[in-house]
Amino acid sequence: MTPQILAIVMAVVLLVAVIVLLRSYVLPEKYAVLWLIAAVAAIVLSAWPGLLEGVSRFFGIASAINLLFVGAFFVMFLLLMQITLELARTRDELRRAVQRLALDIEKATPNDND
Amino acid sequence: MRVLVAVPALNEAAAIGQVLSSLAAVHPIGDVVIVDDGSRDNTAAIARAAGAHVVSHAINLGVGAAMGTAFKYAVRNGYDAVIQFDGDGQHRTEHIGELIAALDGADIVIGSRFAVGGTYKSSAARRSVQRLIAGVTSLFARTRLTDATSGFRIAGPRALAVFAEHYPVEWLGDTVESIVLATRQNLTVREIPVDMNERAGGVPSQSVFKATLYTARIMFILGLATIRTVPPQVRSANRRQKAEAAA
C-alpha cells in the first residue's frame, strides 16, 4: 500500500466517522461543519497531490509538504479554538443558571424565621 | 381533546400582555403556557399576572428547547395536542380553531403563510428563499409544503409523544428538521393557509450574505435529517411502549 492510498483511506475513515457520529445525534451539527470540511479537504489533498504542488508553487513555497503541515496546523487551531470558546461559554451559562436557581430555591424554601 | 397553547417567549414584555389577552378570547387561559426562555425583562411576571402558566428557563436555550419544554409540560399535564404560538404578536388567534379542526386526519398541521388563500406580504427575495426551503423540505419529507419555517403549527397526540422525547434544537431544526423527523416516524404533516401580522425585525434575509448562509444551513440540516437514525430517546420510548403493550 503506497503512502497515498493509506492517506486516502484514513481520510475516508475520518469522513465516515464524522457522518456516523452526526447521524446518531452524538456529534452536534455546529461542530460537525469544521470536521466535515477538514475530512473532505484531507480526501481531496491526498487523492490529488498535484493540487498541493500547484498551490505551493503559487505561494512560492519550495516544499509542498511544508504547506500541508502549515495548513493542517491551522485547521487544528480552528477546531481547538471552537471547542475552547464553546466550553467557556457553556461554563458561563452554567454559572448563571446555578445562580438563578439558587435564588429561586432560597425564595421557595422557608427558613426558621418564617 | 385537551389542547395546550404554548408561547415560547424571549424578552417579549412589550407584546406579551396583548398576545395573552387576544389568546384568552379564543382559548381557556388555564390551557396556555408561556415558556420564558431566559428573558431579562419581566415577561414572566406579566404572563403570570394575566393568568397563564409560566415555565422559566434559567438561561436562554433557544426556541427548539423552549418548545421541547412545552411538549414535556403537555405530556405531564395530560394534554392531547400542542399549538405553538409566537409571543411577538405575529400569529393571529382566529386560526387556532382552524388548526385544531384540521388535526382530524393529520398528526401535524402547519399554518402556512404562502398557501393558496394567504395574503402575507413579503419581499420577493424572502419569498424565493422560503419557496426553495419549502420545496426541498417537501422533497425530503415526501409531502406537499409551501411554508416549512412557519412556527404556527399544531402537534397532535402521536406527534406530541415523539416531540416530548426529542425535539430538534439547534440551527433552525425546530422548524424544518422537526418536519422531516416527524415524517420519518410515519406521521402525517398537513398545511392550512393562515394570515400573519408583519414581522418587525425581519427573518435572516437582511443581507445577501446572511440569506445565503441561512439557506445553506437549512439545506445542511435537511440533508442531514434524511440520513439520521431514530433519536435515542424516541427509540427507548418506543421500546418502552412496546414492552407495556406486550405486558
Side-chain angles (χ1 to χ4, degrees), chain A residues 11-44 74-75 78-110 114, chain B residues 10 36-45 48 54-62 64-65 68-69 140 162-163 165-178 180-181 184-185 213-214 216-237:
Chain A
V12 169
V13 167
L14 175 64
L15 181 64
V16 168
V18 172
I19 291 178
V20 166
L21 288 174
L22 195 50
R23 70 184 288 255
S24 55
Y25 293 96
V26 175
L27 178 67
E29 301 84 359
K30 62 171 146 180
Y31 306 120
V33 176
L34 256 185
W35 282 105
L36 283 173
I37 293 175
V40 168
I43 294 177
V44 167
F74 184 65
V75 170
L78 284 179
L79 283 167
L80 278 173
M81 184 53 84
Q82 185 187 32
I83 305 174
T84 310
L85 291 176
E86 186 73 11
L87 184 64
R89 200 177 62 88
T90 309
R91 287 218 67 123
D92 190 54
E93 281 184 344
L94 182 65
R95 178 184 44 80
R96 284 194 287 122
V98 169
Q99 285 173 327
R100 191 164 154 176
L101 284 169
L103 291 168
D104 284 346
I105 291 172
E106 193 279 330
K107 205 194 302 181
T109 317
D114 297 337
Chain B
L10 176 63
D36 164 29
D37 192 20
S39 299
R40 311 280 233 175
D41 62 13
N42 58 341
T43 300
R48 233 171 253 127
V54 179
V55 176
S56 278
H57 287 162
I59 56 171
N60 173 247
L61 297 176
T69 302
F140 286 139
V162 173
F163 290 156
E165 294 292 336
H166 172 93
Y167 199 63
V169 281
E170 296 192 290
W171 276 22
L172 305 145
D174 58 292
T175 48
V176 160
E177 188 183 338
S178 60
V180 181
L181 171 68
R184 292 187 85 216
Q185 292 289 309
L213 222 60
Y214 175 78
R217 261 167 39 173
I218 295 209
M219 293 303 148
F220 179 70
I221 284 289
L222 276 174
L224 182 57
T226 48
I227 64 165
R228 282 208 125 134
T229 59
V230 179
Q233 299 91 338
V234 176
R235 206 178 321 148
S236 40

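Letters A, B, ... mirror the listed sequences (proteins, then strands); counts begin at 1. These numbers come from a predicted model, not from an experiment.
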Quick check on [X] against chain B: is it the side chain, the backbone, both or neither that has a heavy atom closer than 4.5 Å?
X	value
A:L103	neither
A:L94	neither
A:V33	side chain

Please report the closest heavy-atom contact between [X] and [Y], naming both atoms and the distance.
X	Y	result
A:Y25	B:V230	CE1-C, 4.3 Å
B:S39	A:R100	O-NH1, 4.1 Å
A:L101	B:A58	CG-CB, 4.3 Å

Legend entry - Per-residue contacts, residues 218-228 of chain B versus chain A, heavy atoms under 4.5 Å: B:F220, B:I221, B:L224, B:I227, B:R228
Legend entry - Region of B:H166 in contact with chain A, defined by heavy-atom distances below 4.5 Å: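 The side chain, not the backbone.
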Inset, instruction - Check each atom of B:Q233 against the heavy atoms of chain A and say whether the ones under 4.5 Å are side chain, backbone, both or neither. - result: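 Neither part.
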Legend entry - Atom pair CD/CG of A:E93 and B:L61 - distance to nearest 0.5 Å: 7.5 Å
